[in-house]
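Below is one structure, written out as structure tokens, with a few remarks after it.
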Number of protein chains: 2
Amino acid sequence: MNTTIALKKIRTFFRKQKRLPTYQELADLMDFASKNAAFKLAQKLISTGYLERDEKGKLIPKRLFAPLPHSGIVAAGFPTVAEEELSDLVSFDEYLVNNPDSTFILNVSGDSMIDAGIHDGDIVLIDRTQPVKNGDIVVASVDGEWTMKYYHKINGAVTLVPANKKYQKIHPKETLEIAGVVISVIRKYH
Amino acid sequence: MNTTIALKKIRTFFRKQKRLPTYQELADLMDFASKNAAFKLAQKLISTGYLERDEKGKLIPKRLFAPLPHSGIVAAGFPTVAEEELSDLVSFDEYLVNNPDSTFILNVSGDSMIDAGIHDGDIVLIDRTQPVKNGDIVVASVDGEWTMKYYHKINGAVTLVPANKKYQKIHPKETLEIAGVVISVIRKYH
DNA sequence: ATCGTTGGTGAACAAATGTTTACCCTGATT
DNA sequence: AATCAGGGTAAACATTTGTTCACCAACGAT
């Protein structure tokens, strides 16, 4: 009956083991005496969209970790956290990362981009294949030093602009190597 | 020998399937004709610390997605503390959401929290069960209007403080309803 | 030249796994 | 009172899986 508690147990199992339980293990987990009960449970979880099967029929997690209702805007009227609409459920992994193979994570240290809302301790996602456009925030190596700055190219001359008046603009002379473009900023409290 | 290329293939497999390959699959992946070759490969990957076995002897990833000596970026001082290869292992869903059942998403509109690095258009994760502490950013309904502000309670008197000098502090008189605590801020460019 | 190691093939096999089929109980519906 | 669906048990079974054993080719070091 309670798929919620089942999900909870499966989640903790997956967190620990980094894999989904077998039917036998799932049965144990749920105190079922029969594998088949686990099998049926899995079916239900698939039909409710929490799990799915790969090409070989094996169970893999789907929405297992991100079933978040996405309600409207803070401003007006707002929210009794309404009915959870499946269509609005979001996996952050999919939402944030378009190119998993070329994306990596950086921990931000320093306050040179604070006026862009990037604080010390934030996490930043970098795509190293994405083409750089003016106004993008990039991670770059200038004359041997790595920084994170706004990127501006005017008449062929690149300027790296910090988002903090305390720091200077940079006009790279010798080397300028772009590690990638900041595609996302994440901050977690607590 | 090519444990590097093996790791690469295993990684992409894991990213797609969200599970490790069986020995048969690993053999196929590596163009081995024999499962045993895969078995031995796995042994090696275990002894080199990339994989490990759980209590039941099943393979689980260990250092599979751990920080790699990626050229350049790690080296010189600035922005990076650690670089990690991105994987579904570090699922943002898991990382960001502790209590899936009580967490929901809001789109931020307005600039009243801009000095806290929360900009118009950002996405914010709210936990509605988490206890509110002083200094937390909360989503609250004051006298019928919903806002996002810092929460301060001094001698029983609650003050809601914006992170923008343009706006006034709020001393709720009548109703004060807290929808939840901001646990995370997400901004996506492009 | 030979020896030992590394990395692979191939076959074999017990145990575990996914899945099906049949049956049962309980609470709700009619 | 009869029926029905949901959620569980129990048993059965083909397939797959992990693992072992024996063997082999290539190669570097001795």
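Computed from a predicted model, the values in this text were never measured in an experiment. Numbered from 1 within each chain, the chains take letters A, B, ... in sequence-line order.
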Subject >> Salt-bridge contact B/K35-B/E25 (side-chain N to carboxylate O under 4.0 Å) >> reply: no
**OP:** Would you classify A/A33 as touching base, sugar-phosphate or nothing, given that sugar-phosphate means primed atoms plus P, OP1 and OP2, and contacts are heavy atoms under 4.0 Å?
**Re:** sugar-phosphate
Subject >> Value in whole Å for how far the P atom of C/dT17 lies from CD of A/E25 >> reply: 6 Å
Subject >> Base of C/dG10 paired with side chain of B/S34 (donor-acceptor, under 3.5 Å) >> reply: yes
Original post:
Using a cut-off of 4.0 Å between protein heavy atoms and nucleotide atoms, how would you tag nucleotides 18-25 of chain C 5' to 3' with B, S and -?
Top reply: BBBBB---
Original post:
Does the side chain of A/T129 pick up a donor-acceptor pair with the side chain of A/D127 at under 3.5 Å?
Top reply: yes
Original post:
What is the distance from CG of B/L20 to C1' of D/dG18, rounded to the nearest Å?
Top reply: 14 Å
**OP:** May I ask you to check whether B/Y150 and B/N134 show a side-chain donor-acceptor distance below 3.5 Å?
**Re:** no
Original post:
So, for B/L41 and B/A6, which heavy atoms are closest and what is the spacing to 0.1 Å?
Top reply: CD2-CB, 3.9 Å
**OP:** Kindly give the heavy-atom pair with the smallest separation between A/N164 and A/D115, and that separation in Å.
**Re:** CA-OD2, 3.8 Å
**OP:** Give the rounded distance in Å between these two atoms: CG of B/L41 and P of C/dG8.
**Re:** 8 Å
Original post:
Nearest-Å distance, CG (A/L26) to P (D/dG8)?
Top reply: 11 Å
Subject >> Salt bridge flag under 4.0 Å for residues B/K18 and A/D54 >> reply: no
